[in-house]
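Working notes for the structure below.
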Amino acid sequence: MFEHLFDDAYPGLTAKDALALGVGDETSPYHFENAYLVETESGVVGCLIAFPADDLGLPEIVYSILPKDRIDPARPLFERQLPDSFYINTLAVDEAVRGRGVGSLLLDFASELARSSGCDSLTLHAWGDNDAALSLYRAYGFQELERIELPKSAALTHGAPMLLLKCPLA
């Protein structure tokens, strides 16, 4: 998504640059303090970036920098927030350890973070054609709330819409 939004949208700015700004900005929900890693003796095998959904969004300056045709189709991803929800922005597991419980461990940890933040559910966006991720999320209790159609681009090559998923916390 960051490649779609930022690469070649502004002279000299890449998606990596934009992400670095967010990770380094302590007021940003993408700040490194909201990132959690799973490590084994072979290195990092999982990553979670999560925060209260009320914090979801892009800095206001982004709306003045990015072309309207790039940002408008993606607005629902950054502007649709579910009250009292904890948003999982990123959940990534190294392919070499998939199926060994790392994803569930990260979801359990996100659930604990959500509860400690006073949230009553987890939410996330996932590509509708990401079968492995959807299998994990559905097994964990996530349910589809909304389908968001995004235009195809060089960076957005998925053949299915983005799904907004929610999992109530017990």
For P168 against G141, the heavy-atom pair lying closest together:
CD-O, 4.2 Å
Measure across W127 and A160 and return the closest heavy-atom pair with its distance rounded to 0.1 Å.
CE3-O, 3.5 Å
Minimum heavy-atom separation for S111 to L122, with atom names?
OG-CD1, 3.4 Å
Can you confirm whether Y137 sits close enough to L124 that some side-chain heavy atom of one is under 4.5 Å from a side-chain heavy atom of the other?
yes
Below 4.5 Å, heavy atoms only, C-beta onward: do L136 and S104 meet side chain to side chain?
yes
To the closest 0.5 Å, what do you measure between CG (N89) and CG (L77)?
10.0 Å
Heavy atoms, side chains only, cut-off 4.5 Å: are L134 and L165 in contact?
yes
Where do F86 and A114 come nearest, in terms of heavy atoms and distance?
CB-CB, 3.4 Å
Under 4.5 Å between any side-chain heavy atoms of D55 and N34, yes or no?
no
If you look at every heavy atom in V102 and G46, which pair is closest and at what distance?
CG1-CA, 4.1 Å
Can you tell me how far apart CG (L164) and CD (Q143) are? Round to the nearest 0.5 Å.
12.0 Å
Without swapping roles, check the side chain of T40 against the backbone of S42 for a donor-acceptor pair under 3.5 Å.
yes
So which atom in A53 and which in L82 form the shortest heavy-atom distance, rounded to 0.1 Å?
CB-O, 3.7 Å
Taking M162's backbone N and O only, do any of them form a donor-acceptor pair with R147's side chain (distance below 3.5 Å, no angle check)?
no
So, S135 side chain and D131 main chain: donor-acceptor pair closer than 3.5 Å or not?
no
If the plane angle is over 60° it's perpendicular, under 30° parallel, otherwise tilted; pick one for Y36 and F109.
perpendicular
Please report the interatomic distance CZ(F51) to OG(S85), rounded to the nearest 0.5 Å.
10.0 Å
Quick one: are L163 and I148 in side-chain contact, heavy atoms under 4.5 Å?
no
For residues L107 and L91, determine if any side-chain heavy atom of one lies less than 4.5 Å from a side-chain heavy atom of the other.
yes
Residue pair Y140 / D108, side-chain donor-acceptor N/O under 3.5 Å:
yes
Which value, rounded to the nearest 0.5 Å, describes the distance between C167 atom SG and R138 atom CZ?
13.0 Å
Within a strict 4.5 Å, meaning less than it, do heavy atoms of the T123 and I88 side chains meet?
no
If I take atom SG from residue C119 and atom CG from residue D54, how far apart are they, to the nearest 0.5 angstrom?
7.5 Å
Measure the spacing between CD of E146 and NE2 of H125 and express it to the nearest 0.5 Å.
6.5 Å
Please tell me whether F142 and L113 are part of a single hydrophobic cluster in this structure, the criterion being side-chain heavy atoms less than 4.5 Å apart.
yes
Is it the case that one hydrophobic cluster holds both L106 and Y87, taking links as side-chain heavy atoms less than 4.5 Å apart, direct or via other members?
no
How about L105 and V38: do any of their side-chain heavy atoms sit closer than 4.5 Å?
yes
